[in-house]
Participant: 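Dropping the structure in here first, questions after.
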Amino acid sequence: MSDRERITLVWLKRDLRLHDHAPLAEASRSCAEGGKAVAVYVRESDYWATDKASTEQWEFVAECLRDLSAGLERIGCPLLIAEAPSAEIVLEALLDQYEVVELLCHQETGNGWTFERDKRVLRLCRERHLPVREFLQNAVVRGRIRPPEKPEHQSFWRDWLASPQAPTPRIWRSPSTAPPLFTPPDLATSVNDTRQQGGERLALGLLESFLGERCLLHGGYRVEMGSPLHGHEACSRLSTHLTWGSLSTKRAAHAALAREPRPPYGSMMHRNSFHRRLRWRDHFLQKFESLPWMEFRCINPAAETLHGWHEEWYERWSSGMTGYPFIDACMRSLNTTKWLNFRARAMLVSFASYALNLDWRRFAPHLARTFLDYEPGIHYSQLQMQSGTTFGSIPRIY
Ligand SMILES: Cc1cc2nc3c(=O)[nH]c(=O)nc-3n(C[C@H](O)[C@H](O)[C@H](O)COP(=O)(O)OP(=O)(O)OC[C@H]3O[C@@H](n4cnc5c(N)ncnc54)[C@H](O)[C@@H]3O)c2cc1C
């Protein structure tokens with residue numbers, strides 16, 4: 001019999017919220033039955049050193065962590081935040097310190113780096129005979145070689161939405177033995193009001209302001225989402241919160257569906273359009289879950305050698321110095337605010353691919369680290385669609 005304390009371990013990744021968080025809810029349930037639990041987030045320095053990550057993204061995450069820490073503190077849960085090259089180093093130290101009965105986390109559809117990290121963590125857990133429970137946080141099925149067709153995914157999405165959100169954790173019991181000492185990351189952030197700020201509280205405020213007022217501004221969401229003048233106000237601006245998990249897609253979709261139709265009745269059209277985009281989000285995540293190689297290879301193999309490279313043109317494009325005023329305005333706006341609406345993103349990619357003949361794989365990292373909402377599942381599908389390297393559809397040039 002081990003003299004180490006028995007705990008349930010919750011590993012947080014891109015799910016930095018208190019509400020609708022199944023692993024935290026499950027750990028809280030086990031605490032209510034007399035168990036003990038530890039929640040940990042690891043800032044993985046090897047990930048943050050990749051060319052797809054940026055200081056601004058980390059600062060958004062740090063703001064989410066500060067908000068989540070405060071929320072967990074209120075139920076008596078001290079969130080353990082550690083820094084290490086990769087998560088398994090911290091998880092292994094916790095497995096040495098405690099008798100961990102189960103590891104709870106969310107299933108993540110990430111890029112090549114996080115996929116390899118997940119495999120290392122699962123290998124460690126197998127070696128230590130530790131059961132792992134990965135909860136869904138999106139309507140994404142794991143282990144499908146072929147992504148489901150649209151109607152099949154739609155029906156999965158409907159079933160998934162019909163299931164309730166996870167209850168908010170209310171009870172927590174920490175072990176009496178302190179966790180091992182880890183280097184904490186710096187959670188201080190620069191004062192910067194040009195990019196979005198992180199945290200669940202702000203995410204819920206945005207959701208409310210969008211569904212209550214902003215989706216009706218000017219000509220309304222459906223009309224204005226592509227506007228260079230009004231898009232930043234008329235769009236939901238929830239993508240960054242959905243990416244880092246300070247808001248769950250299910251909660252956003254439930255909120256949109258729960259709105260009572262009220263005058264002007266056209267408002268339902270805008271909310272339905274928003275709801276449809278949330279479904280697309282998971283559809284793209286599902287595609288990427290099934291075809292993760294699309295981060296590195298063209299979906300259409302015949303397009304592998306379609307594009308080339310020109311360093312000076314890339315430099316001009318990425319710094320907003322091509323001499324084409326609208327292209328440069330969009331890129332400079334992106335470089336400053338870290339967000340663009342769909343149409344402007346598509347146009348920048350079309351211009352780089354078709355006008356400058358640049359290979360999407362080599363300019364993808366600039367966009368990945370500059371978009372605060374870098375979501376690999378959406379990102380690589382869209383890059384390839386707007387570069388004309390997919391199958392089937394007629395190339396779109398925005
Ligand atoms: C080249 C390119 C790269 C992109 N990369 C990303 C990315 O890394 N991360 C990201 O979240 N979005 C990406 N998008 C999709 C889209 O541009 C953004 O989701 C949107 O602009 C975010 O702003 P919003 O939250 O106000 O969107 P809204 O218009 O309010 O949409 C609501 C939500 O629906 C989802 N959504 C919207 N449009 C799409 C779409 N076409 N496909 C899938 N889901 C969608 C997003 O989660 C978004 O937050 C990309 C688009 C292009 C053309």
Side-chain angles (χ1 to χ4, degrees), residues 14 52-54 57 60 109-111 137-140 150 153 157 195-196 203 206-207 209-211 214-215 217 220-228 230-253 255-256 270-288 294-295 317 330-331 333-334 337-354 358 360-361 363-390 396-398:
R14 290 200 286 131
K52 293 160 186 143
S54 63
Q57 289 166 348
F60 184 92
T109 307
N111 66 14
Q137 65 170 343
N138 296 298
V140 173
K150 248 190 185 155
H153 185 261
W157 162 265
R195 67 156 173 85
Q196 273 190 288
L206 268 184
L207 179 62
S209 73
F210 173 69
L211 292 175
R214 285 187 296 114
C215 73
L217 281 181
Y221 173 67
R222 262 190 71 175
V223 179
E224 301 290 353
M225 68 171 82
S227 158
H230 301 137
H232 68 285
E233 252 182 326
C235 286
S236 72
R237 306 300 307 273
L238 288 166
S239 53
T240 314
H241 292 284
L242 295 169
T243 287
W244 299 104
S246 36
L247 177 70
S248 75
T249 320
K250 191 186 272 181
R251 184 164 187 170
H270 302 301
R271 289 178 196 129
N272 290 343
S273 178
F274 168 66
H275 177 252
R276 204 164 37 248
R277 277 168 179 72
L278 293 176
R279 175 160 53 73
W280 290 356
R281 176 189 155 79
D282 281 9
H283 172 72
F284 278 111
L285 259 58
Q286 175 68 67
K287 255 177 106 169
F288 192 64
M294 74 165 78
E295 180 180 350
W317 172 82
C330 288
M331 186 59 90
S333 176
L334 170 64
T337 65
K338 315 299 172 193
W339 181 86
L340 274 182
N341 64 21
F342 175 86
R343 190 162 292 206
R345 294 183 199 213
M347 187 188 64
L348 286 181
V349 172
S350 291
F351 187 83
S353 301
Y354 293 105
L358 299 178
W360 63 271
R361 281 164 289 209
F363 65 75
H366 172 73
L367 296 179
R369 62 179 171 265
T370 312
F371 292 152
L372 214 51
D373 62 19
Y374 167 51
E375 179 65 73
I378 306 176
H379 199 67
Y380 296 105
S381 281
Q382 283 297 342
L383 274 168
Q384 294 220 39
M385 281 160 72
Q386 313 314 335
S387 298
T389 58
T390 59
R396 301 175 188 182
I397 304 180
Y398 279 83

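Numbering of ligands and ligand atoms starts at 1, following listing order. Quick note: residue numbers are just sequence positions, from 1.
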Participant: Can T337 and R195 be said to form a side chain to side chain contact (heavy atoms under 4.5 Å, CB included), step by step?
Facilitator: CA-CA 5 Å; T337 65; R195 67 156 173 85; over 6 Å; no

Participant: How far is atom 5 (N) of ligand 1 from the closest protein heavy atom, and which atom is that?
Facilitator: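 Among all protein heavy atoms, the one nearest atom 5 (N) of ligand 1 is H379 ND1, 3.2 Å.
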
Participant: Does some side-chain heavy atom of Q382 sit less than 4.5 Å from a side-chain heavy atom of F284?
Facilitator: yes

Participant: Determine whether the aromatic ring centres of residues F60 and H241 are separated by less than 6.0 angstrom.
Facilitator: yes

Participant: Among all protein heavy atoms, pick out the one at the shortest distance from atom 15 (C) of ligand 1; state its residue, atom name and that distance to 0.1 Å.
Facilitator: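 Result: I378 CG2, 3.8 Å.
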
Participant: Can you list the ligand 1 atoms lying under 4.0 Å from a non-hydrogen atom of Y374?
Facilitator: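 Once the distances to Y374 are compared, the set is 8 (O).
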
Participant: Taking side chain as C-beta onward, heavy atoms only, is R277 less than 4.5 Å from Y221?
Facilitator: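 They are in contact (side-chain heavy atoms under 4.5 Å apart), so the answer is yes.
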
Participant: Measure the distance from atom 1 (C) of ligand 1 to every protein heavy atom, then report the residue, atom name and distance (to 0.1 Å) of the closest one.
Facilitator: V349 CG2, 3.6 Å

Participant: Within the 4.5 Å heavy-atom criterion, are L278 and L238 side-chain neighbours or not?
Facilitator: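 Side chain of L278 against side chain of L238, heavy atoms only: no contact under 4.5 Å found.
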
Participant: Is the F288 ring parallel, tilted or perpendicular to the Y380 ring (thresholds 30°, 60°)?
Facilitator: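 F288 and Y380: parallel rings.
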
Participant: For ligand 1, indicate whether the residue F342 contacts it via side chain, backbone, both or neither (heavy-atom separation under 4.0 Å).
Facilitator: both

Participant: In the protein, which heavy atom is nearest to atom 19 (O) of ligand 1, and how far is it?
Facilitator: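 That would be S239 CB, 4.2 Å.
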
Participant: For ligand 1, which atoms, with element, lie under 4.0 Å from some heavy atom of F274?
Facilitator: 32 (C)

Participant: Below 4.0 angstrom from a heavy atom of A346, which ligand 1 atoms are there? Numbered from 1 as shown, please.
Facilitator: 53 (C)

Participant: How close does the nearest protein non-hydrogen atom get to atom 27 (O) of ligand 1, and which residue and atom is it?
Facilitator: S236 OG, 4.1 Å

Participant: Counting only heavy atoms, tell me which of R345, R277, H283 gets closest to atom 45 (C) of ligand 1.
Facilitator: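 Checking each option, the heavy atom nearest atom 45 (C) of ligand 1 is found in R277.
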
Participant: Of the protein's non-hydrogen atoms, which lies at the shortest distance from atom 23 (O) of ligand 1, and what is that distance?
Facilitator: W339 NE1, 3.0 Å

Participant: What residue and heavy atom of the protein are closest to atom 43 (C) of ligand 1, and at what distance?
Facilitator: F284 CD1, 3.4 Å

Participant: Using a 4.5 Å cut-off on heavy atoms from C-beta on, say whether the side chain of Y374 contacts that of L367.
Facilitator: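 No - every pair of side-chain heavy atoms lies 4.5 Å or more apart.
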
Participant: Would you say M225 touches ligand 1, if touching means a heavy atom closer than 4.0 Å?
Facilitator: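 Heavy atoms of M225 never come under 4.0 Å of ligand 1.
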
Participant: Ignoring hydrogens, what is the shortest heavy-atom contact between L247 and A252? Give both atom names and the distance.
Facilitator: CD2-CB, 4.0 Å

Participant: Are T390 and Q384 close enough that a side-chain donor and a side-chain acceptor fall under 3.5 Å?
Facilitator: no

Participant: Considering only heavy atoms, does D373 approach ligand 1 within less than 4.0 Å through its side chain, its backbone, both, or neither?
Facilitator: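 Under 4.0 Å from ligand 1, D373 contributes backbone and side-chain atoms.
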
Participant: Report yes or no: does Y221 have a heavy atom closer than 4.0 Å to ligand 1?
Facilitator: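 Yes, Y221 has a heavy atom closer than 4.0 Å to ligand 1.
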
Participant: State, yes or no, whether a side-chain contact exists between Q196 and K338 at a heavy-atom distance under 4.5 Å.
Facilitator: no

Participant: Mind checking whether F210 contacts ligand 1 via backbone (N, CA, C, O), side chain (CB onward), both or neither, at a 4.0 Å heavy-atom cut-off?
Facilitator: neither

Participant: So, N341 side chain and M225 main chain: donor-acceptor pair closer than 3.5 Å or not?
Facilitator: yes

Participant: Is any side-chain heavy atom of N138 closer than 4.5 Å to a side-chain heavy atom of T109?
Facilitator: no

Participant: Who's closest to atom 44 (N) of ligand 1 heavy-atom-wise, of R281, Q196, R276?
Facilitator: R281

Participant: Does any N or O of ligand 1 fall below 3.5 Å from an N or O anywhere on F371, backbone included?
Facilitator: no

Participant: Does any N/O atom on Q386 come nearer than 3.5 Å to any N/O atom on ligand 1?
Facilitator: no

Participant: Counting from 1, what ligand 1 atoms have a heavy atom of L340 closer than 4.0 Å?
Facilitator: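 Atoms satisfying the 4.0 Å criterion: 21 (O).
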
Participant: Side chains of Y398 and V349: does their closest heavy-atom pair fall under 4.5 Å?
Facilitator: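 With C-beta onward as the side chain, the pair stays apart.
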
Participant: What are the atoms of ligand 1, with element, lying closer than 4.0 Å to any heavy atom of L242?
Facilitator: 47 (O), 49 (O)

Participant: Just to confirm my output: which protein heavy-atom neighbour is closest to atom 8 (O) of ligand 1, and how far is it?
Facilitator: E375 N, 2.9 Å

Participant: Which option wins on minimum heavy-atom distance to atom 51 (C) of ligand 1: H275, E233, Q382?
Facilitator: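 When every heavy atom of H275, E233, Q382 is considered, Q382 comes closest to atom 51 (C) of ligand 1.
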
Participant: Filter on salt bridge (Lys or Arg N to Asp or Glu O under 4.0 Å), then keep only pairs touching residues 372-388, sequence neighbours left out; what's left?
Facilitator: R14-E375, R281-E375, R345-D373

